[in-house]
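We number each residue from 1, following the sequence as shown.
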Amino acid sequence: MPAARESLLDAAYTALARRPWSAVRMVDVAAVAGVSRQTLYNEFGSKEGLARALVRREADAYLAGVDRALAAHTDPRDRLAATAEWTTSTARSNALVRAMLTGCWSERLPALALSAVPSSSAVPAQRRADGPLPSPGDFVVLVRDRAVAALALSRADTPEVTRACDLVARIALSCVVAPPARGAVTELVRTALAPSPRIGV
């Protein structure tokens with residue numbers, strides 16, 4: 001992403017942390033980023049375009065974290081537990097990720113349609129942001145499929161690995177909605193996977 005676009009998204013994220021999206025002003029976002037308001041409009045098209053780009057960036061960052069969690073360990077149970085821990089900790093600290101994962105958008109956050117919106121942007125990143133945004137169900141599939149790709153050792157194991165990965169993604173989302181005590185996510189995942197020794201998880 002160009003530096004100006006990233007600075008504008010950072011400024012919008014900081015503004016959203018301080019006040020409801022309805023009170024965030026484009027002129028203030030541009031000023032904090034150190035660019036003109038026209039640059040902001042050239043990059044995002046509108047306040048809704050800025051919101052969609054911000055949500056897309058946070059979704060991408062969350063999924064990149066899932067990939068890092070899966071790569072950080074060699075033991076399959078540790079990989080899945082790390083993914084669940086990443087999901088719950090990120091949702092705890094990032095209201096946009098929590099809203100995307102649960103589908104519960106508070107009045108403080110932008111009210112966005114998940115479906116694609118018409119885009120005439122010349123900026124490729126904005127055209128992508130104007131496309132469909134992931135729903136909570138989409139995130140389950142995205143996380144599950146990433147985990148399956150990281151864990152599947154043979155084609156014969158794939159159905160059982162897929163079930164285990166789907167279960168862990170859903171456990172993580174349930175912990176986002178009803179957070180357990182700190183550190184309990186890993187234990188929940190390990191307990192849920194105990195009956196699956198055949199696939200190594």
Side-chain angles (χ1 to χ4, degrees), residues 1-71 83 86-147 149 169 172-173 176-177:
M1 260 188 210
R5 183 177 179 88
E6 196 62 31
S7 295
L8 286 162
L9 291 170
D10 288 342
Y13 184 85
T14 300
L16 180 58
R18 294 182 180 149
R19 55 189 162 290
W21 184 252
S22 60
V24 172
R25 296 177 349 141
M26 297 288 271
V27 66
D28 297 333
V29 171
V32 168
V35 300
S36 71
R37 192 169 61 155
Q38 188 57 50
T39 297
L40 189 154
Y41 280 100
N42 288 346
E43 196 66 38
F44 301 102
S46 65
K47 187 174 178 182
E48 181 180 347
L50 174 61
R52 291 184 72 84
L54 182 58
V55 168
R56 173 63 66 187
R57 182 183 79 164
E58 297 307 304
D60 290 346
Y62 163 70
L63 292 170
V66 166
D67 293 336
R68 285 191 304 275
L70 288 165
T83 301
W86 165 255
T87 296
T88 56
S89 66
T90 303
R92 190 180 303 119
S93 63
N94 187 320
L96 286 173
V97 171
R98 186 171 46 254
M100 285 185 278
L101 293 176
T102 63
C104 298
W105 293 80
S106 77
E107 66 280 351
R108 288 190 51 83
L109 300 175
L112 298 173
L114 294 179
S115 58
V117 297
S119 181
S120 59
S121 178
V123 179
Q126 189 57 39
R127 285 197 306 274
R128 181 170 180 263
D130 290 341
L133 297 172
S135 70
D138 294 333
F139 278 108
V140 169
V141 172
L142 289 166
V143 170
R144 180 200 67 206
D145 290 352
R146 281 170 156 77
L173 290 183
V176 169
V177 173

Ignoring hydrogens and geometry, is there a side-chain-to-backbone donor-acceptor pair from [X] to [Y] under 3.5 Å?
X: T39; Y: V35; answer: no
X: D67; Y: A64; answer: no
X: R98; Y: G103; answer: no
X: Q126; Y: G49; answer: yes
X: R52; Y: G131; answer: yes
X: R5; Y: E43; answer: yes
X: W86; Y: Y62; answer: yes

>> side chain to side chain contact (heavy atoms under 4.5 Å, CB included), that's the test. Do N94 and Y13 meet it? Break it down for me.
In response: CA-CA 10 Å; N94 187 320; Y13 184 85; 3.4 Å; yes
Rounded to the nearest 0.5 Å, what separation is found between the [atom1] atom of [X] and the [atom2] atom of [Y]?
X: F139; Y: L63; atom1: CZ; atom2: CG; result: 5.5 Å
X: L114; Y: D138; atom1: CG; atom2: CG; result: 8.0 Å
X: K47; Y: Y41; atom1: NZ; atom2: OH; result: 8.5 Å
X: R144; Y: T83; atom1: CZ; atom2: OG1; result: 14.0 Å
X: T88; Y: L173; atom1: OG1; atom2: CG; result: 10.0 Å
X: S36; Y: N42; atom1: OG; atom2: CG; result: 7.0 Å

> Is the NZ or CZ atom of R108 both under 6.0 Å from the centre of the six-membered ring of W21 and within 45° of that ring's axis?
Replying inline: no
> Which is it for R128 and D60 under the salt bridge (Lys or Arg N to Asp or Glu O under 4.0 Å) test, yes or no, and what are the steps along the way?
Replying inline: CA-CA 12 Å; R128 181 170 180 263; D60 290 346; 2.6 Å; yes
>> Evaluate T90 against L101 for side chain to side chain contact (heavy atoms under 4.5 Å, CB included), listing each step before the verdict.
In response: CA-CA 10 Å; T90 303; L101 293 176; over 6 Å; no
Determine the minimum heavy-atom distance between [X] and [Y], stating which atoms define it.
X: L8; Y: L50; value: O-CD1, 4.5 Å
X: V143; Y: A169; value: CG1-CB, 4.1 Å
X: S121; Y: V123; value: OG-N, 3.0 Å
X: D130; Y: S119; value: OD2-OG, 2.7 Å
X: M100; Y: P136; value: O-CG, 3.4 Å
X: L109; Y: A99; value: CD1-CB, 3.6 Å

> Side chains of L96 and P110: closer than 4.5 Å at any heavy-atom pair?
Replying inline: yes
>> Tell me whether R19 at atom CZ has more than 12 heavy atoms from other residues, nucleotides or ligands lying less than 6.0 Å away.
In response: yes
> Would one find more than 12 heavy atoms of other residues, nucleotides or ligands at under 6.0 Å from atom CZ of R127?
Replying inline: yes
> Run the side chain to side chain contact (heavy atoms under 4.5 Å, CB included) check on T14 and V32 step by step: do they pass?
Replying inline: CA-CA 10 Å; T14 300; V32 168; 6.0 Å; no
>> Go through it in stages, so that I can follow the logic: the residues are V55 and L112, the test is side chain to side chain contact (heavy atoms under 4.5 Å, CB included), and I'd like the CA-CA distance, side-chain angles, deciding distance and then a yes or no.
In response: CA-CA 9 Å; V55 168; L112 298 173; 3.6 Å; yes
>> Between R57 and D10, does any NZ, NE, NH1 or NH2 come within less than 4.0 Å of an OD or OE carboxylate oxygen?
In response: yes
